[in-house]
Amino acid sequence: MEKTWRWFGPDDPITLDMLRQIGVEGIVTALHHIPNGEIWTEEEVNKMKDFIETHGLRWSVVESLPVSEEIKYAGPGRDELIEKYKISLANLGKAGVRTICYNFMPVLDWARTDLEFPNPDGTSNLYFNRAEFAYFDIHILKREGAEKDYDGATLKRMNDEIKPKMNSEAEKRLVENIIVKTQGFVNGNISEEDLDPVGKFRELLALYNGIDAETLRENMAYFLNAIMPVCDEYDIDMCVHPDDPPLQILGLPRIVTCDEDIRKFLDAVPNPHNGLTFCAGSLSAGAHNDVVELAKKYADRTHFVHARICKVQPDGDFKESSHLDPRLIEIVRTFELRRPGVPMRVDHAPLMLGDEKMGYNAGYSFHGRMLALGEIAGVMAAVNTICK
Ligand code: DNO
């Protein structure tokens, strides 16, 4: 696999020169300064590409060319937005940037309740506490009918363990973790400047009233069918990111959560350019998924790999596991043997050795990711020496 790294552009405190020193071969980035839904012009695309290349690297993957909410819920502006998306894709294709990661998750890109959950060794990790999430949903968001979406044990834990600890400070932190800090840098729906993030979030959720999984699936197929001719012309691989976590949350439809979902969207648009970002971390956050089996099953339709993995606890909480988790070793082996050049990046590595003071985007530490990349690179080298 090609060793890539998610880099957030020239303002990222982690520079391209630093990345070359740690064995990174390709860059995963986006034109973060262009608002969601606007065209990525040839000029802007080439500027980024040249910047990366003058540092001896290549722009391997776009993560993400965001799909506007209006395309997802099929609002009146969707065709116009799809036309703009096609122009951006063509401009990327002309520049030779041909792997595009996106997601089709309504409103919320990914969700964690704790961004600095302490580990016994002094590092910290991202964490999803199901009972805290229920508290956010029921008591902060006050979503109608939310209670019925949680099992009795989770509700009991919420009442017994979470409620007594809550105060306005703790509630504020939960809001920041779930809908501000994890979202601001990835989908632009909500940013740190928003004064009423919960109010804005409620408005966004309301856009999906009456939209079930089948409708969302139709909207995804509509979008993919519309852009496939551009992908064919420029040999562009689209790779959808699985839903993170791969569960129904906040009453929203979620359609890339399991084997059956993946099969459905691949079959709906059977063009090989319609593929998957195999995010082992997102898929493994659902106890229903056998992530090693999924890797074997969908390796041929995978155009991009996210190497990280989660451990689900019996109560449904989950936490990022080590990059040397045996399941991840098996997944790396699968892709290294079957998809040798496919771009791969690590993420959601621990905060360690001063990372916590640097203000990095949640999940994107420097030392933690460097260690994780070193571990994955070691596994790749072993596979190449022993298994080939
Ligand atoms: C989280 C990321 C996601 C991913 C998008 C792709 O850390 O893996 O935010 O970039 O879902 O569109």
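Atoms considered below: every heavy atom in the structure, side chains included; atoms not considered: hydrogens, waters and symmetry mates. One is the number of the first residue; the rest follow in order along the sequence. Counting starts at 1 for both ligands and their atoms, following the listed order.
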* Parallel under 30°, tilted from 30 to 60°, perpendicular over 60°: which one fits the rings of Phe104 and Tyr102? ->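 The arrangement is perpendicular - the two ring planes meet at more than 60°.
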* Just say parallel, tilted or perpendicular for the rings of Phe133 and Phe128, cut-offs at 30° and 60°. =>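 Tilted, since the angle between the ring planes falls between 30° and 60°.
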* **Trace of the salt bridge (Lys or Arg N to Asp or Glu O under 4.0 Å) decision for Glu43 with Lys47** => CA-CA 6 Å; Glu43 193 192 345; Lys47 208 159 105 192; 6.0 Å; no
* **Within the 6.0 Å centroid threshold, strictly below: His55 and Trp7** =>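 No, ring centres 6.0 Å or more apart.
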* To do: Would you name the heavy atoms of Phe335 and Ala299 that are closest together and state the gap between them?
  =>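 Distance-wise, the nearest heavy atoms are CE2-CA, 3.7 Å.
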* Asked: Looking only at atom types and distance, does a side-chain atom of Asn274 sit under 3.5 Å from a main-chain N or O of Phe265, one as donor and one as acceptor?
  ->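 It does hold such a pair.
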* Under 4.0 Å from ligand 1 - residues by heavy atom, chain and number ->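 Ligand 1 pocket, heavy atoms under 4.0 Å: Arg6, Glu63, Ser64, Cys101, Tyr102, Asn103, Met105, Asp109, Trp110, Val186, His241, His306, Arg345, Asp347, His348, Tyr364.
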